[in-house]
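See below for the structure under consideration.
Fair warning: this is a prediction, and the values are worked out from it, not measured in the lab.
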Amino acid sequence: QVQLVESGGGLVQPGGSLRLSCAASGFTLDVYSIGWFRQAPGKEREGVSCITKSVGSTYYADSVKGRFTISRDTAENTVYLQMNSLKPEDTAVYYCATGAWACTSYSGSYFRIGYDYWGQGTQVTVSS
């Protein structure tokens with residue numbers, strides 16, 4: 001079955017970097033696109049970045065553009081989120097997600113529809 005497992009979260013100082021991994025099983029990355037989301041306590045989940053199944057096009061939320069980079073390793077069937085210049089407001093549980101319509105533009109967003117399978121999440125804490 002489709003399964004996503006996030007890893008790589010932890011505690012980092014402001015301005016630091018962290019790389020998250022999303023290991024996929026039950027499908028290959030040319031079948032489903034992958035998105036990264038985050039959710040802070042008391043806040044709604046928000047889309048962060050996604051990468052398409054077709055040619056690996058990438059999309060980012062404005063809040064992380066220029067700081068985060070999404071990539072994939074097809075041999076490892078893993079998607080990564082490289083997070084640089086981290087800010088306290090980046091603190092959240094980060095999830096990867098996938099589905100038939102993942103990373104599909106809808107109403108101006110690549111994070112609105114198509115995410116049917118979710119990982120367990122990994123905690124990212126940015127604090128001094």
Side-chain angles (χ1 to χ4, degrees):
Q1 69 270 33
V2 172
Q3 188 173 31
L4 302 172
V5 179
E6 303 96 331
S7 62
L11 175 64
V12 64
Q13 292 185 329
S17 297
L18 214 54
R19 190 179 77 157
L20 306 183
S21 298
C22 174
S25 60
F27 70 99
T28 52
L29 300 182
D30 61 340
V31 173
Y32 286 156
S33 302
I34 299 287
W36 282 100
F37 294 75
R38 65 187 182 185
Q39 188 168 28
K43 299 181 66 177
E44 293 185 347
R45 181 184 293 151
E46 63 173 336
V48 175
S49 181
C50 65
I51 185 165
T52 68
K53 65 184 180 182
S54 54
V55 297
S57 299
T58 59
Y59 303 94
Y60 300 91
D62 289 342
S63 59
V64 307
K65 204 168 297 180
R67 299 188 298 124
F68 291 10
T69 303
I70 191 170
S71 62
R72 63 182 179 179
D73 185 332
T74 56
E76 293 293 327
N77 217 43
T78 298
V79 172
Y80 303 96
L81 186 67
Q82 178 67 46
M83 306 185 296
N84 299 326
S85 302
L86 283 162
K87 306 174 180 180
E89 50 262 47
D90 295 318
T91 295
V93 177
Y94 283 71
Y95 301 88
C96 60
T98 192
W101 291 91
C103 211
T104 297
S105 180
Y106 183 86
S107 191
S109 174
Y110 290 92
F111 311 104
R112 294 283 295 277
I113 62 167
Y115 297 96
D116 303 311
Y117 305 96
W118 296 77
Q120 84 288 351
T122 186
Q123 176 71 49
V124 172
T125 302
V126 184
S127 176
S128 58

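Annotation for S33 and C103: closest pair CB-CB, 3.7 Å, computed over non-hydrogen atoms. What you find for S63 and E46 is that their closest heavy atoms are OG-OE1, 4.4 Å. In terms of heavy-atom proximity, A92 sits nearest to A40 at CB-N, 3.8 Å. For the pair T78 and S21, the tightest heavy-atom approach, listed with the atom from each and the gap, is CG2-CB, 4.2 Å.
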Self-check item: N84/S17 under side-chain hydrogen bond (donor to acceptor under 3.5 Å, both in side chains): CA gap, chis, key distance, verdict
Solution: CA-CA 4 Å; N84 299 326; S17 297; 2.8 Å; yes
Practice problem: Could you walk me through whether L11 and Q123 pass the side-chain contact (heavy atoms from CB on, under 4.5 Å) test, one step at a time? | Solution: CA-CA 8 Å; L11 175 64; Q123 176 71 49; over 6 Å; no
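With a 4.5 Å cut-off on side-chain heavy atoms, T52 and Y59 count as touching. In this structure the side chain of R38 reaches within 4.5 angstrom of the side chain of V64, judged on heavy atoms. Side-chain contact between E6 and Y95: present, with at least one pair of heavy atoms (C-beta onward) separated by less than 4.5 Å. M83 has its side chain within reach of L20: a pair of non-hydrogen atoms, C-beta onward, lies under 4.5 Å apart. Side-chain contact between V31 and K53: absent, with no pair of heavy atoms (C-beta onward) separated by less than 4.5 Å.
A donor-acceptor pair under 3.5 Å is formed between the side chain of N77 and the backbone N or O of A24. Remark: the backbone N or O of G108 is not paired with any side-chain donor or acceptor of R112 at under 3.5 angstrom.
V79 and Y110 fall into different hydrophobic clusters, where Ile, Leu, Val, Met, Phe, Trp and Tyr residues are linked whenever their side-chain heavy atoms come under 4.5 Å apart, directly or through other members. W118 and I34 end up in different hydrophobic clusters when Ile, Leu, Val, Met, Phe, Trp and Tyr side chains are linked at under 4.5 Å. Y80 and Y94 are assigned to two separate hydrophobic clusters, defined by single-linkage of ILVMFWY side chains at heavy-atom distances under 4.5 Å. V5 and L81 fall into different hydrophobic clusters, where Ile, Leu, Val, Met, Phe, Trp and Tyr residues are linked whenever their side-chain heavy atoms come under 4.5 Å apart, directly or through other members.
Between Y115 and F37, the two ring planes are perpendicular [angle over 60°; tilted spans 30° to 60°]. Between Y32 and F27, the angle of the ring planes lies from 30° to 60°, which puts this pair in the tilted group.
If you take OH on Y60 and CZ on F111, they are separated by 9.5 Å, rounding to the nearest 0.5 Å. Atom SG of residue C96 and atom CD1 of residue I70 lie 9.0 Å apart, to the nearest 0.5 angstrom. Atom CZ of R72 sits about 13.0 Å away from atom SG of C22, to the nearest 0.5 Å. Rounded to the nearest 0.5 angstrom, S54 OG and D30 CG are separated by 10.0 Å.
Ionic pairing of D90 and K87 is not present here: no N-O contact between side-chain nitrogen and carboxylate oxygen is shorter than 4.0 angstrom.
Within 6.0 Å of NZ on K65 lie more than 12 heavy atoms contributed by other residues, nucleotides or ligands.
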